[in-house]
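When a residue number appears, it is its place in the shown sequence, counting from 1.
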Amino acid sequence: MKKTMKQYSFASQLKSLAVVFGIALTFASCAKEDVAQNPTNTEGDNDKNLTTFVAGDEAKTRTSLDYNSSDFSWEAGDYIYVKDDDGVLQKSSNAPTQKVASFRYRVPGKFGASASYKVYYLGKNSNGSQVTISATQSQSKPDNTEHFGTAGDYGTATATGAVGGSIFSFQLEHQPAYLVFQPYTSNTILQNCYLTKVEVTSDNDIAETYSINTTTGALDASAGTGSKQIVLTTSGSSTNPNGFPLRNSSASVSTNGAYMVIKPGTHILKVRYWVKDVATNVEGTITKTLPATAYASNTYYDMTASLDVKNYDGDHYYMWDAQQQYWYGYEWTKNLGAGIGQPTFQYQPAGNYAQNNSDPRYCNESDLGFGVSNPATHSCAGFPNVNEMTWYAAKGDPRWDSDELWTTMGHLYKGGMWFKKKANISGYDPNTAVNGRDWRIDGTSISCSVSQTLPSAADAGNYFYLPALGDYNDGRLEGVGYYGGYWSSSAYTFFRDQAYFLNFYSSYVIIGYNKSRSYGFRGDAFE
């Protein structure tokens, strides 16, 4: 028996399938009542062309897992392949017709010259010479691994017996690694949602096609067949059409345990949990990026994850460089009512916003003259200047994300932009814009296209995220989830009522100045 393997990866216990399975049991120790038989191929038949290969009960070298009891079963349609004396890969003539604890396989071919033979389990979609860890996997109900056979689970074994004998026993060694996702949340908004799929992206291949090497007996990766992404769908079945529930506030494999088969190896994984509010039909992602970890074959990993979404408060909207935030004294948390306090819905009646410079919430109206740098001195003083904004827009590789979920002012939204952090922008210079001029004294506007492809798993740490939080215009909230508006620390020097800002939409980013300083854009320091 292999030693018990215990590690902690991402605060999750690592359990070895080899230990769960135990050791192979010889045929002599198998109780007949525990071994499912093919009625036409019983031990007493006279067909000398069929050889019996036994996976015994206590060996538990099977193909679907009961997580809590560590009990494995063979599933209906699980065939094996055995390489015979002539080097021919022979498919078993029988297979279970239902879930069983163990099984006696009957295999055609010549098996008289050796005391051991190579056995292969190739899943349910194999052509007999290849097996594929699929990039699209599906699970119909929580804590269920019946899909392993179609997802790409496979295994090898050496069956042993006597030379010239007709009965051999084997212990299957599963070759993939297995991820057991167990999301949970304490967020009351998310507890009304469902897990619809789990999308895993790696820095290298995690889906793969393997071919049997008839010379060595090994399963070799087929060139050019791999994929860096696997999507496990948990919705759409008759039993769980909406997906798996997220009502649990601690890890519970029985509530929403989702199993994925992956290629073993060292991977950096980005996991996107797709969550849907069926009441509002809002569906989006919660992303976790995990460090490089060695995922061993024949091993499963508990991927517990506390799901929450980033909450952005309503207190960081400002008129340009105002002394106080846009809704100071009338914050939405005061529950002052529509038309009185801060609106939290788009196009809700405006509340009490600043009308002139007698209110400290009103914009900074300073004017130092044409072509003279006019930096912010109050709320916008710590924000990027216009030169820096041009670097983020033109060289920061902006990437639109239409699915990442977040909340603001009590509501669930999605949509935002990924930008490279300034440390990862080549040539970044706060004193010079991308065109070589200093826009603080002599600037214009630019529009830059954006990518619709998310940062890769390996590159994700080089980016930061800005949500599409919209803006306030004459007191009304606009564009939440559709665009973002962020002030720079630089006034536009040719018109006293304008300042530079960054606007982004799903397909482009603008560095502009053609909106009044009285707009309620967000104010945030960039990374």
How are the rings of Tyr392 and Phe419 set to each other: parallel, tilted or perpendicular (split at 30° and 60°)?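 The arrangement is perpendicular - the two ring planes meet at more than 60°.
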With under 30° as parallel and over 60° as perpendicular, where do the rings of Tyr486 and Phe504 fit, or are they tilted in between?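 Plane angle under 30°, so parallel.
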Salt-bridge contact Lys99-Glu146 (side-chain N to carboxylate O under 4.0 Å):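 Salt bridge present between Lys99 and Glu146.
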Any carboxylate oxygen within less than 4.0 angstrom of a Lys/Arg side-chain nitrogen, looking at Lys124 and Asp78?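 Yes.
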For Ala95 versus Phe103, what's the shortest heavy-atom pair and its separation?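 Shortest heavy-atom contact: C-CZ, 3.5 Å.
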Could you pull out the closest heavy-atom pair between Ser134 and Thr150, with the gap in Å?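 Answer, listing the atom of Ser134 first, then Thr150: CB-O, 4.4 Å.
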When you measure from the side chain of [X] to the backbone of [Y], do you find a donor-acceptor pair of N or O atoms at a distance under 3.5 Å?
| X | Y | answer |
| --- | --- | --- |
| Thr185 | Leu307 | yes |
| Thr52 | Arg106 | no |
| Asp203 | Ala292 | no |
| Trp391 | Asp429 | yes |
| Tyr295 | Ile206 | no |

Rounded to the nearest 0.5 Å, how far does CZ of Phe53 lie from OG of Ser92?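 One gets 10.0 Å once the value is rounded to the nearest 0.5 Å.
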Within this structure, what is the OH-CE distance for the pair Tyr259 and Met303, rounded to the nearest 0.5 Å?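 The OH atom of Tyr259 sits 14.0 Å away from the CE atom of Met303.
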Within 45° cone of Trp406 ring axis and under 6.0 Å: Lys310 NZ or CZ: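 Negative - Lys310 is either too far from the ring of Trp406 or too far off its axis.
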With ring-ring contact (aromatic ring centres under 6.0 Å, His included) as the test, pick out the partner of Tyr154 among Tyr120, Phe148, Tyr210.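 Answer to the ring-ring contact (aromatic ring centres under 6.0 Å, His included) test with Tyr154 among Tyr120, Phe148, Tyr210: Tyr210.
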Any Glu199 side-chain heavy atom under 4.5 Å of Thr285 side chain: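 When only atoms from C-beta onward are counted, Thr285 and Glu199 do not touch, as no gap falls below 4.5 Å.
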Between Asn204 and His267, is there a side-chain heavy-atom distance shorter than 4.5 Å?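 Yes, at least one pair of side-chain atoms sits under 4.5 Å.
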For residues 156-163, which side-chain N or O atoms pair as donor and acceptor with protein atoms under 3.5 Å away, sequence neighbours left out?
from: Thr156; atom 1: OG1; to: Gln175; atom 2: NE2; distance (Å): 3.2

Could you tabulate the donor-acceptor pairs under 3.5 Å formed by side-chain atoms of residues 420-428, not counting sequence neighbours?
from: Lys421; atom 1: NZ; to: Gly461; atom 2: O; distance (Å): 3.1
from: Asn424; atom 1: ND2; to: Asn462; atom 2: O; distance (Å): 3.2
from: Tyr428; atom 1: OH; to: Glu388; atom 2: OE2; distance (Å): 2.8

Among residues two or more places apart or on two chains, list those pairs meeting ring pair (Phe, Tyr, Trp, His ring centres under 6.0 Å) that have a residue in residues 225-258.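 Every pair satisfying ring pair (Phe, Tyr, Trp, His ring centres under 6.0 Å) with a residue in residues 225-258: there are none.
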Could you tell me whether Lys395 atom NZ has more than 12 heavy atoms of other residues or ligands within 6.0 Å of it?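 At most 12 heavy atoms, drawn from other residues, nucleotides or ligands, come within 6.0 Å of this atom.
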